[in-house]
Each structure stands twice: as structure tokens, then as C-alpha cells.
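Naming: A, B, ... by sequence-line order, numbering from 1 per chain. Every value quoted in this text rests on a predicted model; they were computed, and no experiment measured them. These values consider heavy atoms only, across backbone and side chains, with no hydrogens, waters or symmetry-generated copies.
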2 protein chains.
Amino acid sequence: MTRKQELIAVAQIKVREGGYNNFSFRELAKEVGIKSASVHYHFPTKEDLGAEVAKQYTDAFMNALGEPKAISDAGNDPIIAFATLFKSSLHQDKQMCLCGLLGAEADILPDLVRGEVKHFFKRTLLWLEQAYSHSKQPNTLDAKQLAIQTISVLEGAMMISIVNEDNSIFDSAIEGLIKG
Amino acid sequence: MTRKQELIAVAQIKVREGGYNNFSFRELAKEVGIKSASVHYHFPTKEDLGAEVAKQYTDAFMNALGEPKAISDAGNDPIIAFATLFKSSLHQDKQMCLCGLLGAEADILPDLVRGEVKHFFKRTLLWLEQAYSHSKQPNTLDAKQLAIQTISVLEGAMMISIVNEDNSIFDSAIEGLIKG
DNA sequence: GTCTATAATTTGATAGAC
DNA sequence: GTCTATCAAATTATAGAC
């Protein structure tokens with residue numbers, strides 16, 4: 001892992017713990033064993049670093065997800081696969097979705113960072129919409145609405161589980177998910 | 001409004017914009033026309049102030065809500081009333097639920113503040129559970145599960161609406177709410 | 001790529017006068 | 001209740017050497 005990637009990895013953890021204001025160049029520098037001035041070599045400003053963290057988080061998430069069609073073809077439900085990715089994140093990392101936390105702080109995010117967070121939801125909503133639009137299960141709601149409801153309940157349940165230190169809240173919430 | 005209440009009101013806005021790290025004693029002092037040292041007279045520490053903000057937010061929310069039975073007796077659906085309170089907050093304040101944002105930051109909250117946020121969800125979940133347990137509509141899920149799913153989708157949809165500056169996302173999400 | 005050094009600002013908090 | 005004055009620490013960022 002390059003130094004730049006190390007910095008991004010440490011920053012991601014800090015942001016998922018307490019948002020955009022919860023990391024500093026000095027802190028990151030210390031954790032990877034360099035000085036804060038050197039962090040500015042890799043990222044001119046904090047905004048640049050924050051945007052890169054959000055971008056890589058989104059890319060990694062979508063990459064882990066794969067394509068809805070591939071999941072379907074393997075005989076699995078894409079919606080369940082999506083929810084399971086959130087669940088794994090909660091159980092393993094014990095941390096909030098990075099874009100779920102940053103999204104709530106949208107008002108104070110620098111432009112580049114807010115743009116990347118918007119992009120996360122654009123991509124996840126499109127993915128879910130595609131999954132629902134190819135669903136074989138009958139539904140009164142259209143695919144777009146189902147996509148919104150699904151990502152909403154996952155983000156909300158994750159947050160409530162974290163503050164209550166009780167993962168069963170999340171598990172209980174996803175039991176009601178409408179399948180694809 | 002007392003000076004103490006003015007400080008709480010200003011702090012609430014700042015927190016709903018950007019979380020616990022998004023307000024300072026100096027900032028609050030300036031907005032109400034005193035000096036930062038005077039804020040320490042009203043609140044010894046930032047933790048005390050933060051906890052009081054969360055407590056009053058919760059009290060005001062529950063107060064605006066009223067009792068599920070009173071809503072039912074008036075011929076209205078308590079779940080819809082609950083969702084409408086969230087919707088009003090989004091449309092009028094154009095801000096995140098204070099406890100939704102703070103909950104996502106749970107890892108970095110001082111103990112008193114995190115305690116108040118947990119209390120918000122304890123109270124809202126109990127309220128929703130009561131509303132669902134007296135429901136006349138048949139459901140496969142129990143009242144507790146329905147309560148979790150309802151508050152989750154509301155918090156999540158609120159967050160996504162805010163970062164996308166598109167309230168129709170929230171409106172779309174609540175259309176799928178299971179009524180009480 | 002990383003360093004030292006530093007500027008300019010902001011932060012939470014306290015002592016003590018009025 | 002509010003003030004002045006102040007502290008110790010942390011923050012983002014830059015200049016320039018190596």
C-alpha cells in the first residue's frame with residue numbers, strides 16, 4: 001500500500017467515527033509515521049483528501065457489490081446481497097456507512113466532498129432500481145421508490161444500531177425488506 | 001426566551017448542520033451577543049451544553065407528537081402523524097434530525113450526549129411500538145419490528161433528501177410506510 | 001517525498017474583576 | 001451574568017531545505 005493509500009485508509013476510519021471534522025492532517029500524519037506538512041504533498045487541501053476518501057469508499061462499495069444481473073444469474077436475490085454488504089460493514093467494521101454520516105453533514109461539506117457523497121447515492125440508487133426493475137416479484141410500488149426505501153432503511157437502521165450498540169436492531173430492520 | 005435558551009437554540013441549528021464538532025462557545029456567544037467566557041457560566045463544559053441540546057430536542061419532538069391514542073381517537077393514523085412530523089422538520093427547517101446526525105457520530109460523542117441521543121430513540125421506538133400494537137391493520141411483522149423499520153426509513157430518507165437537496169426522495173420513501 | 005519551522009486562526013477552559 | 005485577559009492546545013496551510 002502506498003503512503004497515499006495509507007493516509008486514505010486512516011482518514012476513512014476517522015470520518016466514519018465522527019464525520020468530516022473528525023480528522024486532521026497531523027493526526028493522519030502521526031498514524032502513518034510522517035509529518036503533517038508531508039500530507040500536503042499528497043493532498044493539497046483537506047477538501048481534496050476528503051473527496052478522495054469518499055470516492056474510493058464508493059468505488060470499493062460498488063466493486064464489492066458487483067452487478068445485479070450477475071447476482072441474479074448465480075441464483076441469489078440482489079436486494080439481499082445489497083443488504084448483506086451493509087450488514088457485513090456493520091458487524092465487521094462496527095462503523096457507520098461513510099456516506100451516510102457525511103450525507104447528514106451535507107450543509108458543512110466542501111463542494112468536492114459533497115459531490116462525491118451525492119455520487120454514492122446516485123450510484124447505489126441506480127443499482128437498486130435496476131435490481132427491482134428486473135424483479136419477478138409483484139409490487140405496487142415502482143422500482144425507483146423501492147430503491148429509495150431500501151437504501152433509506154439500511155442507512156437509518158445502521159445509525160440506530162451503532163448509537164445503541166445493538167446490531168439486532170439492524171437485523172430486525174432488514175427482515176422487512178421488500179425482495180427483488 | 002432566556003439567554004440560556006437562546007444559546008441552546010443557536011447550538012441546535014449548528015449541530016443539525018454539521019454535528020457535535022460544528023459549534024464552538026465563541027460562535028454561540030457571538031450570535032447571542034455575549035462573550036465565550038459567559039457561555040461557561042450557563043454551561044460548565046461543551047458536553048453539558050450538547051447534552052442539554054439533545055434533551056430539549058427530544059422533549060420538543062415528543063411534545064409535538066402527543067400520544068398515539070389521542071391521534072387515533074381523533075380519527076388519524078399515528079404512524080402517518082409521526083412521519084408528518086419528520087416531513088415538516090425537513091420542509092420547514094431544511095435540516096437533519098438532530099439525533100439522527102448525532103447518532104451516526106456516536107463513537108465520538110461525550111457520554112452525556114450519547115446518553116441523550118440513545119434516549120431519543122428509546123422514546124420514539126416505544127411510541128411507534130405502542131402505535132403499531134394497537135393497529136387494526138393485519139401484519140406479519142410484530143410491533144417492535146415495525147417501529148424499528150419506520151424510524152429507520154424516516155432517518156435514512158431524511159439524510160438522503162438533504163444531501164441531494166431533493167425533498168421528493170423523502171416523500172417517495174414515506175409512501176411505502178406500513179400504516180398503523 | 002519528507003523534513004523543519006512557522007504563520008494565522010480557532011478551540012475549550014479558567015481566574016478574577018465588576 | 002457578563003466582562004477582560006489569558007492559557008495551552010489544535011487546526012489548515014505555506015515556504016524552503018534536503
Pi-cation contact, A/F82 with A/K87 (under 6.0 Å, within 45°):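 No.
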
Whole-Å distance between [N] [atom2] and [X] [atom1]?
X     : N      : atom1 : atom2 : answer
B/K35 : D/dT4  : NZ    : P     : 5 Å
A/H42 : D/dA13 : NE2   : C1'   : 16 Å
A/K30 : C/dT2  : NZ    : C1'   : 18 Å
B/L7  : D/dG1  : CG    : P     : 12 Å

Going by atom types only, do A/Q5 and A/Q56 share a side-chain donor-acceptor pair under 3.5 Å?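 Yes.
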
Quick one: closest heavy-atom pair of A/A157 and A/I169, and the distance?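 Scanning both residues, the minimum pair turns out to be O-CG2, 4.4 Å.
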
Flag the pair A/K14 and A/E31 as a salt bridge only when some basic side-chain nitrogen lies within less than 4.0 angstrom of an acidic carboxylate oxygen.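 Salt bridge: yes.
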
One character per nucleotide, please: for nucleotides 6-18 of chain C, 5' to 3', B when the base has a protein heavy atom closer than 4.0 Å, S when only the sugar-phosphate does, - otherwise. B----BBBBB---

Would you sort out whether B/S168 and B/D171 count as a side chain to side chain donor-acceptor pair (under 3.5 Å), showing the intermediate values? CA-CA 5 Å; B/S168 76; B/D171 296 342; over 6 Å; no

Quick one, which residues of residues 104-116 of chain A touch DNA chain C with a heavy atom under 4.0 Å?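 By residue number: none to list.
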
Kindly check if the number of other-residue, nucleotide or ligand heavy atoms within 6.0 Å of NE2 (B/H134) is above 12?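 For B/H134, atom NE2 is not crowded (no more than 12 foreign heavy atoms under 6.0 Å).
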
Could you work out, with ring-ring contact (aromatic ring centres under 6.0 Å, His included) as the rule, every residue matching A/F121, not counting sequence neighbours?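 Per chain and number, A/F121 pairs via ring-ring contact (aromatic ring centres under 6.0 Å, His included) with no residue.
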
How long is the span from the CD1 atom in B/I174 to the CD1 atom in A/I148, to the nearest 0.5 Å?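 One gets 11.5 Å once the value is rounded to the nearest 0.5 Å.
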
Phosphate OP1/OP2 of C/dC3 contacted by A/S38 side-chain N/O (<4.0 Å):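 Yes, within the criterion.
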
Under 4.0 Å from OP1 or OP2 of D/dT2: is there any side-chain N or O of B/Y41 that close?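 Looking at the OP1 and OP2 atoms of D/dT2, neither is under 4.0 Å from any side-chain N or O of B/Y41.
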
